[in-house]
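Structure first, then comments.
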Protein chains: 2
Amino acid sequence: MAHIIVVGNEKGGAGKSTVSMHVATALARMGHKIATLDLDLRQKTLGRYVENRHRYLAKEGVELPSPDYIDLPEIDKSQLQAGENPYDHRLSAAVSQLEAEADFILIDCPGSHTRLSQVAHSLADTLITPLNDSFIDFDLLAHIDNDGERILGPSVYSEMVWNARQLRAQAGLKPIDWIVLRNRMGAQQMVNKAKMEKAIEKLSKRIGFRVAPGFNERVIFRELFPRGLTLLDLKDIGVTQLNISNVAARQELREMIKALNLPGVSV
Amino acid sequence: MAHIIVVGNEKGGAGKSTVSMHVATALARMGHKIATLDLDLRQKTLGRYVENRHRYLAKEGVELPSPDYIDLPEIDKSQLQAGENPYDHRLSAAVSQLEAEADFILIDCPGSHTRLSQVAHSLADTLITPLNDSFIDFDLLAHIDNDGERILGPSVYSEMVWNARQLRAQAGLKPIDWIVLRNRMGAQQMVNKAKMEKAIEKLSKRIGFRVAPGFNERVIFRELFPRGLTLLDLKDIGVTQLNISNVAARQELREMIKALNLPGVSV
Ligand SMILES: Nc1ncnc2c1ncn2[C@@H]1O[C@H](COP(=O)(O)OP(=O)(O)OP(=O)(O)O)[C@@H](O)[C@H]1O
Ligand SMILES: Nc1ncnc2c1ncn2[C@@H]1O[C@H](COP(=O)(O)OP(=O)(O)OP(=O)(O)O)[C@@H](O)[C@H]1O
Ligand SMILES: [Mg+2]
Ligand SMILES: [Mg+2]
């Protein structure tokens, strides 16, 4: 049975696809068998990232460990049971196709509320939720008062996760290990950063998630997309000198992978 | 007839709601009558931003110029013409309600592809598209080669804008003034930043948009969300000393508003 990692957050632009590609590539480079799915069927940022990787490596004649990727299989209406949702069928068909071979299946979710995303969350053994260091992003987890201190109540995304947890409990599945990851953090200590840290800490106790060490705002996390590479691949394509920010980025990625506590993975 | 400003980008997290609130508040503070709509009916980031503003100002007993905001009116199925899409009806009902009073109607779109967003784009006199300084965001405007230099072809969002432009031309409406805005730019000169600048410049000539001066990555653009304020409001709530970054942010916002060339607005 493959371990299923879902990367989700209904808030747009939190860093889901970026985190997906970095986690998947890290696991592939460690020798784990990792397959990926992209549930944003129109944007397909993760699919495009992997596609760019294959195109670039083929052009350069270089082989690098890479995550597998498949599109959701198309299905014929006749294959559906009575009343079955076609998206549910496509997702479960993809997962059972990958399950046999893979150690891990990583599923990247869209930045909106869709049926596919809801079903994926109920399949999650591990759920990673990246979050910009901003109360605009926090607002989808919980509503907070004018001072950014008192939590007023859960918001739409944490309610969706709650529902997914209920479904798993009813089906007798083990609980979701939910990990929130602060992303694009500023380098300096700021009032906003300290307030966000406190608010996330408080919320983690109320709604039950772990907080993993996050990523700072670093160009290296975004500039390699056209070649489908991550900072882990740089030395294999001949970049010998890493600048300070890239060394720090590598450290952040290592710490994050460690915090995920994935079965069989030692960093 | 109110001038309709649509803030759109199918890519999540580009800065649509942030730009919406800052443009709307700037226009309100200049004395223009501005009404806003939020087409992300679930997240409602812009709606929440305006709500936070009203709650904070009421609590502090302060009056500040503020944009109007209404939810899309609920409609009864009996009000629909045969075959009419309920969302089209709700949006046109909202626009005609606001049209009489407002100089400007600003519509914030969700970070996904929805019917409401498509219809809103066809209503746009001005379309503002914020974009993270990243080829991941650029990928929804156009596909680019591995080096981040050669444009391979248009992508899903620019095709949607193209369709909206066709609809307007067929209806004899004036063309959309499409403005792309780089957002969350890093302070230092980087290779990625220069490449993005060149790629956007090239694309603007191919698909016909103007490039406005954008925003840097600044905490002040996000930390005032819980109070519903923008940096323009700071001196009215007693903040007399603006730091360097806040002064620069004010300048960026002024330059951006100027570049929009809105009728009757002089900055
Ligand atoms: N740590 C980081 N440092 C710098 N840029 C980042 C970082 N993480 C993400 N980005 C950039 O932020 C933007 C949003 O990231 P990404 O597209 O991965 O988010 P997402 O949650 O998948 O978005 P969507 O909701 O559209 O699916 C992209 O332009 C990406 O390049
Ligand atoms: N110039 C900026 N400097 C710093 N942070 C910013 C800036 N612009 C936007 N942000 C932050 O980036 C994140 C995304 O911005 P925002 O929510 O406005 O984007 P959006 O396009 O409306 O997202 P969605 O696709 O979810 O509607 C938020 O956390 C916001 O606080
Ligand atoms: Mg994504
Ligand atoms: Mg928004």
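Chain letters run A, B, ... following the sequence lines, proteins first and then strands; every chain starts at 1. Values below: all heavy atoms of this structure, side chains included; hydrogens, waters and symmetry mates excluded.
If you measure heavy-atom distances from A:Thr45 to chain B, the contacts under 4.5 Å come from the side chain alone. The part of A:Lys59 that comes within reach of chain B is its side chain, from C-beta onward, which places non-hydrogen atoms under 4.5 angstrom from that chain. Both the backbone and the side chain of B:Val156 come within less than 4.5 Å of a heavy atom in chain A. In this structure, no portion of B:Asp40 lies under 4.5 Å from any heavy atom of chain A. Only the side chain of A:Glu217 comes within less than 4.5 Å of a heavy atom in chain B; its backbone stays farther off. For B:Phe138, no part sits under 4.5 Å from any heavy atom of chain A, backbone or side chain.
Top candidate by heavy-atom pairs under 4.5 Å with chain B, chosen from A:Asn52, A:Asp139, A:Val219, is A:Asp139.
In this structure, OG on A:Ser155 lies 11.5 Å from NZ on B:Lys44, to the nearest 0.5 angstrom. How far CG of A:Asp145 is from OH of B:Tyr56: 11.5 Å, rounded to the nearest 0.5 Å. Once rounded to the nearest 0.5 Å, the distance linking CG of B:Asn192 with CZ of A:Phe221 reads 14.0 Å.
Under the 3.5 Å distance criterion, the side-chain polar atoms of A:Arg222 are matched with a main-chain donor or acceptor of B:Asp133.
Between the side chains of B:Arg53 and A:Asn146, no donor-acceptor pair is found at a separation under 3.5 Å.
The nearest pair of heavy atoms linking A:Pro226 to B:Gly148 is CB-N, 4.2 Å.
When side chains are defined from C-beta on, B:His143 counts as touching A:Arg48, because their heavy atoms get closer than 4.5 Å. With a 4.5 Å cut-off on side-chain heavy atoms, A:Arg184 and B:Arg184 count as touching. Looking at heavy atoms from C-beta onward, B:Ile136 lies in side-chain contact with A:Thr18 at the 4.5 angstrom threshold.
Listed by chain and number, the residues in a side chain to side chain donor-acceptor pair (under 3.5 Å) with B:Arg42 are A:Glu10, A:His113 (sequence neighbours excluded).
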